[in-house]
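What follows is a short report on a single structure.
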There are 2 protein chains.
Amino acid sequence: MSEGTKRRLKLWIRLLSVTRSAEAELREFLRVRHGSTLPRFDVMATLYRRREPCSMSELSRMLLVSNGNVTAVVDRLEADGLVVRHPSESDRRTVLVSLTAEGLAHFETLAREHEAEVARIFSTLSDADVDALTEILKRATKR
Amino acid sequence: MSEGTKRRLKLWIRLLSVTRSAEAELREFLRVRHGSTLPRFDVMATLYRRREPCSMSELSRMLLVSNGNVTAVVDRLEADGLVVRHPSESDRRTVLVSLTAEGLAHFETLAREHEAEVARIFSTLSDADVDALTEILKRATKR
DNA sequence: GCCAGCAATTTCAAGCTTAAAACTTTTATG
DNA sequence: CATAAAAGTTTTAAGCTTGAAATTGCTGGC
């Protein structure tokens, strides 16, 4: 086994560890402070950034989760009145999802605190580290 | 909101994206090539690296997952004959888990291919990037 | 226009994951 | 020594997640 292989394995283990720790802190924050969860936040954040209705497939692709998964999370958000489904006019297969007024208000209060929490979690990194990390991760995505 | 906050949020989004993509590829690899899953692999890898029996709590702490979660995964691995539970001699509350001979053999074949897969996934990064990333992530863990 | 194939969504079964509660055993304090 | 607090594990209920199958609708070659 090459040296590079070993180092990439070490990198993967550390990447997973940092990501899981951060996820655990964010989950705790959403649960305790807002009675919410990470998947619910992620769906709402995607709808918020998009600023227009989003199909189930688009949500699935952007969130990197399965289509069945999106169905389940949107079901629960819809039951809570935070999002709403409506049919596409151009394609009757497509289901569009958007935030309700209540969902929008809920998300906006959530989002600010969420950002602060993320900043806190990565507060041990210098600004230079943050930028360097972001740049390298950008290269890890390229195919 | 400060500039640093925004940049840390961007970092977090990218970190999550890279980690989820890699996880999806590894999951696919384990499923298609070995009929296994990531959590099962993680438990076996921890037992393998430890080289000696490991308590449920230790597994839970090392894997950064809940204790109930470890119970469920170990249940399934044990049903498949890959690990075995046995009582601790010094503390009757503690349950120790170790790989069976079959589990050990299974894991060793798995591990080599897994490493190659990880190397492939991060093959777009230069060796310098890999090292820089690992170093910065190390700083992200410190508290 | 037909229809074979593709696309969007949901459903389903199985497994993963968590937080909280229950249970057993150990440890520490009085 | 008694016993209250802490620690290790499992159980439970709820939610998350996947891949595959089923359903419905679109599209292009004929």
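Quick note on labels: first sequence line is chain A, next is B, and so on, each numbered from 1.
Along DNA chain D, the nucleotide nearest to A:R40 and the one nearest to B:G68 differ in position, and the one closer to the 5' end is contacted by B:G68. Of the two residues contacting DNA chain C, namely A:A24 and B:S90, the nearest-nucleotide position lying further toward the 5' end is that of A:A24.
A salt bridge does not link B:E115 to A:K6: none of the charged side-chain nitrogens sits closer than 4.0 Å to a carboxylate oxygen. By the 4.0 Å N-to-carboxylate-O rule, A:R8 lies close enough to B:D127 to be salt-bridged with it.
By the side-chain hydrogen bond (donor to acceptor under 3.5 Å, both in side chains) test, A:R49 pairs with no residue at all, sequence neighbours left out. In this view, B:R92 satisfies the side chain to side chain contact (heavy atoms under 4.5 Å, CB included) rule with no residue, not counting sequence neighbours. Listed by chain and number, the residues in a side-chain hydrogen bond (donor to acceptor under 3.5 Å, both in side chains) with A:R27 amount to none (sequence neighbours excluded). Under the rule for a side chain to side chain contact (heavy atoms under 4.5 Å, CB included), the partners of A:R93 that lie at least two apart in sequence or sit in another chain are A:D91. Shown here are the side chain to side chain contact (heavy atoms under 4.5 Å, CB included) partners of A:D129, two or more places apart in sequence or in another chain: A:L125, A:S126, B:I136, B:R139. Partners of A:R85 under the side-chain hydrogen bond (donor to acceptor under 3.5 Å, both in side chains) rule, at least two apart in sequence or in another chain, are A:D75, A:E78. In this structure, the side chain to side chain contact (heavy atoms under 4.5 Å, CB included) partners of A:E135, at least two apart in sequence or on a different chain, are A:K138. For A:E23, there are no side-chain hydrogen bond (donor to acceptor under 3.5 Å, both in side chains) partners two or more places apart in sequence or in a different chain.
If you check every strand for non-hydrogen atoms under 4.0 Å, A:T94 touches sugar and phosphate atoms only.
The shortest distance between side-chain heavy atoms of A:L77 and A:V73 falls below 4.5 Å.
With A:Y48 as the aromatic partner, A:R50 does not meet the cation-pi criteria of under 6.0 angstrom to the ring centre and within 45 degrees of the ring axis.
Rounded to whole angstrom, the span from the CG atom of B:D80 across to the C1' atom of C:dG15 amounts to 12 Å. Atom-to-atom, CZ of A:R85 to P of C:dA8 comes out at 16 Å; the value is rounded to the nearest Å. Atom CZ of B:R27 and atom C1' of C:dT17 are 13 Å apart (whole Å). In this structure, A:E23 atom CD and C:dA19 atom P are separated by 12 Å, rounded to whole Å. Distance CZ (A:R20) to C1' (C:dT17): 11 Å, rounded to an integer number of Å.
A centroid separation of 6.0 Å or more is found between the aromatic rings of A:F41 and A:H34.
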Could you go through A:S98 and A:H86, starting from their C-alpha distance and side-chain angles, then the distance that decides it, and tell me whether this counts as side-chain contact (heavy atoms from CB on, under 4.5 Å)?
CA-CA 8 Å; A:S98 23; A:H86 43 96; 2.8 Å; yes
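Contacts between residues 45-61 of chain A and DNA chain C, counted as heavy-atom distances below 4.0 Å, involve A:S55, A:M56, A:S57. Of all the residues in residues 71-79 of chain B, B:T71 reach under 4.0 Å from DNA chain D with at least one non-hydrogen atom.
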Polar atom pairs between nucleotides 23-25 of chain C and protein, under 3.5 Å, N or O only, would you list them?
unit_1: C:dT25; atom_1: O2; unit_2: B:R93; atom_2: NH1; d: 3.4

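Neither OP1 nor OP2 of C:dC16 sits under 4.0 Å from any side-chain N or O of B:N69.
Here chain A contacts DNA chain D (any atom closer than 4.0 Å to a heavy atom, that is under 4.0 Å), and the contacts span D:dG15 to D:dC26 from 5' to 3'.
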